Every structure is written in C-alpha cells, then in structure tokens.
Amino acid sequence: MATAGGGSAAELGSRGLLCLLSFCVLLAGLCGGNSVERKIYIPLNKTAPCVRLLNATHQIGCHSSISGDTGVIHVVEKEEDLQWVLTDGPNPPYMVLLEGTLFTRKVMEKLKGSTSRIAGLAVSLAKPSPAAGFSPSVQCPNDGFGLYSNSYGPEFAHCRDIQWNYLGDGLAYEDFSFPIFLLEDENETNVIKQCYRDHNLSQNGSAPVFPLCAMQLFSHMHAVLSTVTCMRRSSIQSTFSINPEIVCDPLSDYNVWSMLKPINTSGTLEPDDKVVVVATQLDSRSFFWNVAPGAESAVASFVTQLAAAEALYKAPDVTTLPRNVMFVFFQGETFDYIGSSRMVYDMERGKFPVQLENIDSFVELRQVALRESLELWMHTDPVSQKNKSVQSQVEHLLTTLEESGAGVPTVVLRRLNQSQPLPPSSLQRFLRARNISGVVLTDHATVFHNRYYHSVYDTAENINVSYPGQQSPEEDLDFVTDTAKALADVATVLGRALYQLAGGTNFRDTIQADPHTVTRLLYGFLVRANNSWFQSILRQDLRSFLGDQGPLQHYIAVSSPTNTTYVVQYALANLTGKVVDLTREQCQDPSKVPNENKDLYEYMWVQGPLNSNGTERLPYCVRSTARLVRAVSPAFELGQWGSTEYSTWTESRWKDIRARIFLIASKELELITLAVGFGVLVCSLVITYCVNAKADVLFIAPREPGSVSL
Amino acid sequence: MTAAVFFGCAFIAFGPALALYIFTIATDPLRIIFLIVGAFFWLISLLFSSFVWFVARAITDNRDGPIEKYLLIFGVLVSVLIQEMFRFAYYRLLKKANDGLKTINPDEPAPSMRLLAYVSGLGFGIMSGVFSFVNTLSDSLGPGTVGIHGDSPYFFLNSAFMTQVIILLHMFWGIIFFDGCEKKNWYPLLAVILTHLLVSALTFLNPQYEVSLVSAYMITVLTGIRAFFVAGGSRRSLKRYLLCQDKNFLLYSQRSR
C-alpha cells in the first residue's frame, strides 16, 4: 500500500515537475529584449558598410578592430569643422559624421593622415547629388586587364590617350584603417545630429562636458594583405581543420545568355555555324558594400538589350536566319572582367557550346542612357583593324548598323573620327583571344557622360527617370518616361542591326522595341523591384529576392546567383520565350515529355499573375533559351591567385557589421566608481572580520542548559 | 561603461555579501548548504511571482501606457508577499530538519535557529541581489552609459547601492522573522512584510535617487539595529566589545551578580 501510494506520489511529482519545466520554458521564450540595453544604445539599422576587397597584390576598403571602433561624434558640415577633429578637439578619437558633398579625396587624405584621432567615418547621403559629380572609381577602369598593354597598342595602354572616367578620384581603391559607413536613412542622421547638438557642442570654445555622444562601428574583416594570402590561409584551413575558418571568397556569379535559335547545349557548335554576339554588363559597384544602383553604368544598357531581344524574337522568320544571335549579359565586368574572361576561357577550352571561331561579329552596349543630341557613338579597336580583313569586317559591321539606324530618326549613329581606343568593355577580353570584328555602342565619344560612375548617386535620377507624384506604384510601373522611349529607340536600332547581321532581309523594318517593356524594366530595376510584373515572371521560391521596397542593387557579391541575375534571366525568358502547356511536374522534368528537349531549351515554372480576385496566382511553364553559366574568374580555377592575366578579386568575410550610438562617461567618473567599489569591499571585509572574531562577545546566546555554540 | 565601472559596481553591490560569505559561511559546509537552499527558496518564490506576472500581462494583452505602471505595482506587491511566504516555508522546513540533523550528526551540535536565520536571510539576499543586478552589470561592461534617452547617468551606481541595501536587508529580515516565528510573536513578521513593501515601493520613486536611496539606507540602519538586538546583542555587549573586554569577563560579571 505504502509503495503504491509512494509510486503515485512520485508520478504526480514528476508530472508536476514537467509542468513546471514547461512553464519555465514558456516564460523564457516570452522574455523581451534587454531593457537596460535599450536605455543605453540606439542601434542604427539603415547603414551600409565599406568592406575589404582584395586582389592579387593589394587590399582595398575599410576595416575596424574586432570589438568595434568607438569615437566621440563630430558633425562636419564644412571643411573648417575638420580642424576640431584633426587638432583642436580635447577628446580624441572622434567619429566624424561627414556631409555627402564633403566626401572627396582632399578631405579623405586629411583624415587618412591622422588615424590616431579618427575612430571612424559615417557619411550621410547628399540630397540632391553633388553638383560637381562624384566617382570613387579610378580614372582608368579595369586597367591592365583589358586589351591594351605595353605589348599591344602601347599608345592606348593605361588610358594614355583618353581618361575615360575623368571625374574618378580612386577613393574606392584605397585602403583605410578605420571603418566607413553610409547613413542611408535621413531620420537616423537627424537622430545622430540631435544627440550631437544636445551633448557634444562646446560652450564658448571650452571643452564640452561629459557625458558625450559617441558612435561605435563594427566591421572587422577577416582577410588581410591580398588574395594570395587569404586564399592560401583558407586552403590550409580547409585541408587541415575539421571546422575550417575561410577568410575570403572570390567574387563570382553567373552570366545570363540565350540564343535566338535554340542550340544543343550538351555539345558544341559546328565551325560553320556563325553567331552574332551581343553583350552587355549586369553589375556595378559603389564605395559601400551592396549599394550599387548602377543606373547609367549597367541597368540602362541591359534593359535596352532585353528590349532588343524581345523585339528580335518577334520577327517572323527568325528560325530561318542564316546566322544565330547570342544575347549575353556578363556579370562581374566591374572587377576586371570576371564574366567575359571566364566565357572566353570556356570558349577556348570547348566548355561552352559556342566557340571563338563561331563568332561572326560582336556588338556591345555600354552606358547608352545619356545621349547628347541623339548621338550614339560606335567605338572600334584601331589596333586589330591594322589587319585588312578585320578592317573590312568592321567596316561591314558599321555600315550595317548605320543602315539599320537610318529608319529610326531619334537615334543618330556616329563613327569616331580619329583612331581611338575602345572604352572599357567586354569586347576587349574577346579581342585579347582572337581578332574578331566588334563594335561598342555608347553615348559618349571620348570621356564618360556619367558623372556618378560607380557611385551611390548613379540612380534613376541620373538618367532622368522620374515619375509624377501622387501615383500608385502600379500606375508608375506602366508610365512611359522619356528615358524609356529613348532607350526603346536604341533597342530598335540594335534589334534591326542584329537582324541584318544575322542575315535577315525582309522584316527588318518591322522590328520595333516596345517602350512599355522598357519602362517596366526600368521601374523594376531602378525604383521598386517588388512590383506585380516582376512578381508574375519569377519562380515562387525567388519571390523574396525582390525585396520589400526600393530598387535592386547590382553588386556581384559572393553568393550566387544574385537577385539581379535571376530577375534578368526570368525577364529574358518571359520576353523571348514561349508559354507551353505543361504541368508543374512536367515543367520541372521535361525529359519524359515527347517533343520537349532539355538540351535545347530551359523550362521554368513561374508564378504567373494574380487571378481576378487577387488571392491566388495562375502559374504556367515558360520555355526559353535563357540560361545561366558560371562566371568565376579562371584564376581561381587554375589556382593562380596572383594572376595578372585574369581577375583575382575576392571579398573578405566578416562576422558582425553594425553601428550604434550611445553616451560615454568621463574617465574620472569610471575611476571613482572603481575606487568606491574597492573601498566598500575592503571596509566590509575588515568589519566582518572584526565582528566575526568577537561574535561571542557581541551576540549572547539565550540561556539554555548545555548549549555552547552560536 | 567599461571594466572599471563593471568591477566598481560589482564590488559595491556584492562586497558586503562576499565578506560575510568568506568569513562566516565558507568555514562550515553545513552553513553553505543552508545558504544555497535558502537561495533556492528565493528562486522558487520568484518563479511563482513571475508566473503571476505572466498571467496578469496575458490578461491585459501586453498593452502599454498607465496600465503598465499599475500592473508593475501589483506585480511588486504580489512578489513581496510570495517571498515572505517562502521565507516562512523555509522556517518550517528548517524546524523539521533540526530533528533530522541531530540524528545525522550526533557528535556535533546542531546549528541554532538564530544562526540558521542569519544564513537563510543571507541566502535570500544573495540570490535576490544576483537576480536583480547581474543583467545590469553585464550591460555596464559595454562602452556606453545610460542617458541617451534622457535617463539619469547614475543608473549603474544607484542600482549597485540599491542591491547592496537589499542584500543586507534580507539578512536582517531573516533574523527578525525567524525570531518572531520562534517566539510565536506575529508582530515582527508583520513588521518585516511592511518594511519589505516599503523598500520596494521606494524604488518606484526612481530616478529621484536621492530620496529613494537615502530612505532605503535609513531603513537598513534601523532594521539592522533591531536585528542586532534580536540576535542577542545589547548595549552592554556592544560596550564590552568596543572596550575589548572578553566573554569571560562578561560571564564572570554576570555570574557574580
């Protein structure tokens, strides 16, 4: 009986304990954030850091110490304010909050020179963009990895003839030993300035009193010195460690390509099959990580090419054209031609279906949105044209373009008068491998018209894409801007030229690019990616790639494929592909379906538009030739991390990137607290010892017979 | 606020408790056990108070505003009552354990109830101090100090002193409470509960630290004096102690009367 009762009691006890434990877990889970921490720190959420990038020989970018860099905030609105930071201020190090217009080489040289007094830099976005232009890129982009070197066209090497990016100050390629962050949100910038005004301003030139407003920036980078060093360290870790600590990753992604007439991708083309290649670039960059609006440098050109592809695919006799057309969108051209050098490498080794000998001609689109007086310039390479056959081919190419452009009065194609080098373009990498006839179409004759090349200000505003206010996002999506019309005209010229180059004759003048498509693409890539059209052309699991609000950023990054690559591939599929009547399972695995060939086509199951109720989507299968091909620099395939022939750009890894502001107390108060603490401890030790030693005197036990102890 | 403030505040808050532990508790394993069990009892009482708090928050749907302040006052009230209830429960447990201890260790004399009162009070106090202050201490290790939203910059110092006060007070309350229970006198119990409520209510006056901290210290001194007398001290023993006269003298002077 006792055991049974005991057993049930134990069972009750254990159940009670389980209940208690589950309550504890529930309570723990419902605990909110630490409220003391919220009293102390204000986190800055909308910031972009500057991270470290490495190439074969150098490191560029910024980095902080491992536990963050703290400094007293000082707002610099004019150059004279810098004096306080550099010499006068009594509480170094300082965290400088710089106006966007002051973020110039002159100011940065001064800051770089006194690193003991500077803890870091926070740059606020200048609204409107700096009037004089701003480009942190170098004046000669991709120097040393293009066509011209001291052995080939030395008069054009290192931009001796033309400094293409004349406004470039090269800040993005400098190495800074303090963290630099971009403050994207104006509200946060105002909070910081308010904190500065409340606590840090000094009265009548005397030192400001504590507590002072301070900022802490965390952006510790794991890689140092160069790609060679960091890749070596990573490979040692991978070989010997169970839990390898990789310190850097190569910049890599995927190129997007498609063929006008489908080809068998499991093999290679016959040498007699000729292909006209039309290329453009997908990526851009800026000083700060993952901020790359790239409106003029990338978006305008690939949008134009997408529109030209759509127009060309609509021509009635595409399947009977003598030559094929390949549309390719290179990723990574900003960083020494990652995408194009990889494609040339693959073509040379037969790893890509199209080979170098199949290329009949090459047309490239570069920066076409800022045309002055309707002119579109055709650049060709003077050095390769010293060969007579190449020159005649190039001449044929140029005349074809001019003939196609004749039917579009709003685009005036111009040749260049003197022999000028090619601007930085993917064609240069192809010419390095083989003399092909190629032309680069740009809006500038000599130097760039883009005054914000590779900067945070290369936005929709830079190419005059603006929408009237008070419209809903869906109305903005369909509003045809003037820029869209201009780019559609360029796309029309390109489409017609490609048709003629591919051997078509009859329907050339019916090829017309649709400004509506161009404007929707521009809206999605430059203003708001999360719109109804982009949502309907993507696969379901890629919905989150469109972000919430705001445009896509076109930085190549290290995780692939990036948002831009996917969206461009799916947009190309939607614009040039065909809807086929397959179920979802058939679409995802068409090998079982007769008449469908996975080698010839790519099948995508896309979300489709919302139904009339707006509750569900109507998905369908798209068949197209839009594919992805890997774009990693051949230097990493070959293990030549110090290569001077191929791009060796890598991005460092990091653990923690964040920024926060708070108040700091004076050193005196801290030391007083410590002293008081020691005093209290010593006093209590002394008093307790004394009381304990004579406790029997102080505390008289109650009179109990036989009791002795206390 | 960096390591200096961290160590300074830690020593201010836990210095007296550490000194008491080193010199009076650490020497005897039985006292350590009673201290830890006392701490555990306080922890259980906190569990129950937090359960009540959770239910109350769930009922009011986590709204913010004036209702939050009333809810806090209600929560503090309930928590104080539950803590004192557990103090009483620990007293009953110790009473029962006394007989058991005599059988375990017949050679050594069992600790007196007065000693257990002191040890249990200290256990309650240490656990209460640790729970209320350790989170704040860990935030004091970072580079920032309280104040960016307008709070007082002396937050850490005040919390440290308040924690010290609470630890000492728990110790004194333990002595007074157990003595009241032994003598079956219910007024000391009521006094302890009321003083506990008063000190907790004083913290609602923060950030007017001068008022709350000074009043709390005054209450501590008064409670300490009362505990001294309850624990067997007297003016005479104090005089003897200060004049460095020893126990024999005392006993002799008592016997001779």
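Order of the sequence lines fixes the chain letters, A, B, ..., with proteins taken first and strands second; residue numbering starts at 1 for each chain. The model shown is predicted, which means the values in this text are computed figures rather than measured ones.
For A:Lys39 against B:His149, the heavy-atom pair with the smallest separation is O-CD2, 3.9 Å. Residues B:Gly144 and A:Phe662 approach most closely at CA-CD1, 3.3 Å, considering heavy atoms. Between B:Ile148 and A:Cys195, the shortest heavy-atom distance links the atoms CD1-SG, 3.9 Å. A:Val691 approaches B:Tyr241 most closely through the heavy-atom pair N-OH, 3.6 Å. Of all heavy-atom pairs spanning A:Thr673 and B:Cys9, the tightest one is CG2-SG, 4.0 Å. Annotation for B:Ala4 and A:Glu670: closest pair CB-O, 3.9 Å, computed over non-hydrogen atoms.
Contact count against chain B (heavy-atom pairs under 4.5 Å) is highest for A:Val676 among A:Val686, A:Val676, A:Leu671, A:Val682. Heavy-atom pairs under 4.5 Å with chain A were tallied for B:Gly233, B:Gly232, B:Ala160, B:Ala17; the largest tally goes to B:Gly232. Ranking B:Trp53, B:Phe7, B:Phe23 against chain A, the residue ahead of the rest is B:Phe23, based on heavy-atom pairs under 4.5 Å.
Taken to the nearest 0.5 Å, the OG1 atom of B:Thr145 stands 7.5 Å off from the CG atom of A:Leu669.
The neighbour count for B:Tyr209 OH, taken as heavy atoms of other residues, nucleotides or ligands under 6.0 Å away, is above 12. Around the CZ atom of A:Phe678, the shell of radius 6.0 Å holds no more than 12 heavy atoms that belong to other residues, nucleotides or ligands. Annotation for B:Phe204: atom CZ counts as buried by contact number, over 12 foreign heavy atoms lying within 6.0 Å.
Below 30°, between 30° and 60°, or above 60°: for B:Phe228 and A:Phe699 the angle between ring planes is above 60°, a perpendicular geometry.
Looking at A:Glu37, the atoms closer than 4.5 Å to chain B (heavy atoms on both sides) sit in the backbone and in the side chain alike. Only the side chain of B:Leu157 comes within less than 4.5 Å of a heavy atom of chain A; its backbone N, CA, C and O stay farther away. Interface remark: A:Cys690 contributes backbone and side-chain atoms alike to the contact with chain B (heavy atom separation under 4.5 Å). Only the side chain of B:Phe161 comes within less than 4.5 Å of a heavy atom of chain A; its backbone N, CA, C and O stay farther away. Of the atoms belonging to A:Ile672, not a single heavy atom falls under 4.5 Å from chain B. Heavy atoms of B:Leu238 lying under 4.5 Å from chain A belong to its backbone as well as its side chain.
Identified under the side-chain hydrogen bond (donor to acceptor under 3.5 Å, both in side chains) test for residues 674-691 of chain A, with sequence neighbours left out: none.
In this structure, B:Asp139 contributes its side chain and A:Val36 its backbone to no donor-acceptor pair below 3.5 Å.
Contact of the B:Phe156 side chain with the A:Ile40 side chain is registered, since non-hydrogen atoms from C-beta on lie closer than 4.5 Å. Residues A:Leu681 and B:Leu18 have side chains in contact (heavy-atom distance under 4.5 Å, counting atoms from C-beta outward).
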